[in-house]
Amino acid sequence: MDQTTTEDDRTLPAPLAELARTEIDYADGEGIDFEPYDAFEPAEETTGWLRQWTGNGELDGAAYRVFGQDGTGGLAALWLVRPGRPLAEQPVVFLGSEGEVGVVAGNLSDFLWMLADGCGPMEAVQFGVGEPRPDAALTALAERHATTPRRPAQVVVDEARAEFPTFAEDIEALCR
């Protein structure tokens, strides 16, 4: 069972650990451009990246648990915005290598359904959710771990953005 999130919690939830062992089909650019990590990025690396990305040397990365990247180096992370809630209940965000930002799922379960529908975090933020491209392996993973009902990727993204409508502006305000 997932425990309450603490500031130093770096334990990868079981669904993300399994995701790291699951092949994600890039399909020559028509699939999902996402490479999950087998561990959260160390806190020091997250802080260094966030400072470099924003140009703000006063920030730390404590609010993020980076768990994967796209081919250009954009990062997917759990955003610890719900105090005292488990990691799996935190929203998933994407911070792109070229400044793209967005909330892509309201929690880890919804993120799994988004992937099962054929949409990765970079695609959702940079291009918008396209036509569904269901993936059997990612669907099976979501069926094993998801605690929310299956919904299309577009619904997952829309719900997350409705809950956190100022995420992009809040990140932009941190930039120097």
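The model shown is predicted, which means the values in this text are computed figures rather than measured ones.
Once rounded to the nearest 0.5 Å, the distance linking CG of D117 with OG1 of T139 reads 8.0 Å. Considering CG of L80 and OH of Y64, their distance stands at 9.0 Å, rounded to 0.5 Å. Note: E35 CD to L75 CG = 11.0 Å, rounded to the nearest 0.5 Å. Once rounded to the nearest 0.5 Å, the distance linking CG of L138 with CD1 of I24 reads 5.5 Å.
Within the structure, the side-chain hydrogen bond (donor to acceptor under 3.5 Å, both in side chains) test picks out the following pairs touching residues 154-165 (sequence neighbours left out): R82-E163, R151-E159, Q154-D158.
Across all non-hydrogen atoms, the minimal contact from A160 to G106 is CB-N, 3.5 Å. The nearest pair of heavy atoms linking M114 to A153 is CG-CB, 3.8 Å. The nearest pair of heavy atoms linking M122 to D70 is CG-OD2, 3.0 Å. For P132 against P134, the heavy-atom pair with the smallest separation is C-CD, 3.5 Å. Considering all non-hydrogen atoms of both residues, P13 and L108 come closest at CB-CD2, 4.0 Å.
At most 12 heavy atoms of other shown residues, nucleotides or ligands fall within 6.0 angstrom of atom CD in E30. Around CD of Q52, the count of heavy atoms belonging to other residues, nucleotides or ligands within 6.0 Å does not exceed 12.
The side-chain contact (heavy atoms from CB on, under 4.5 Å) test applied to S109 returns N107, W113, A146, T147, T148, not counting sequence neighbours. Partners of E18 under the side-chain contact (heavy atoms from CB on, under 4.5 Å) rule, at least two apart in sequence or in another chain, are R21, T22, L141, R144, H145.
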Side chains of residues 92-105: which donor-acceptor partners sit under 3.5 Å, not counting sequence neighbours?
{"residue": "S97", "atom": "OG", "partner": "T72", "partner atom": "OG1", "Å": "2.9"}
{"residue": "E100", "atom": "OE1", "partner": "E98", "partner atom": "N", "Å": "3.2"}

Identify every side-chain donor-acceptor pair in residues 123-131 under 3.5 Å, counting partners at least two apart or on other chains, and give the distances.
{"residue": "E123", "atom": "OE1", "partner": "G120", "partner atom": "N", "Å": "3.1"}
{"residue": "E123", "atom": "OE2", "partner": "D33", "partner atom": "N", "Å": "2.6"}

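In the hydrophobic clustering, V155 connects to no other residue, as no ILVMFWY side-chain heavy atoms lie under 4.5 Å from its own.
Side-chain N or O atoms of R10 include one that pairs as donor or acceptor with a backbone N or O of E41 at under 3.5 Å.
Ring pair F67/F111 is perpendicular by interplanar angle, where above 60° counts as perpendicular and below 30° as parallel.
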Under the side chain to side chain contact (heavy atoms under 4.5 Å, CB included) criterion, do F40 and L16 qualify, and how do the steps go? CA-CA 9 Å; F40 283 124; L16 289 180; 4.2 Å; yes
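Using a 4.5 Å cut-off between side-chain heavy atoms of Ile, Leu, Val, Met, Phe, Trp and Tyr, with links allowed through other members, L87 and F164 fall into different hydrophobic clusters. In the hydrophobic cluster analysis, where Ile, Leu, Val, Met, Phe, Trp and Tyr join through side-chain heavy atoms closer than 4.5 angstrom, L59 is grouped together with I171. A continuous path of hydrophobic side-chain contacts links V66 to V81 [ILVMFWY only; heavy atoms under 4.5 Å].
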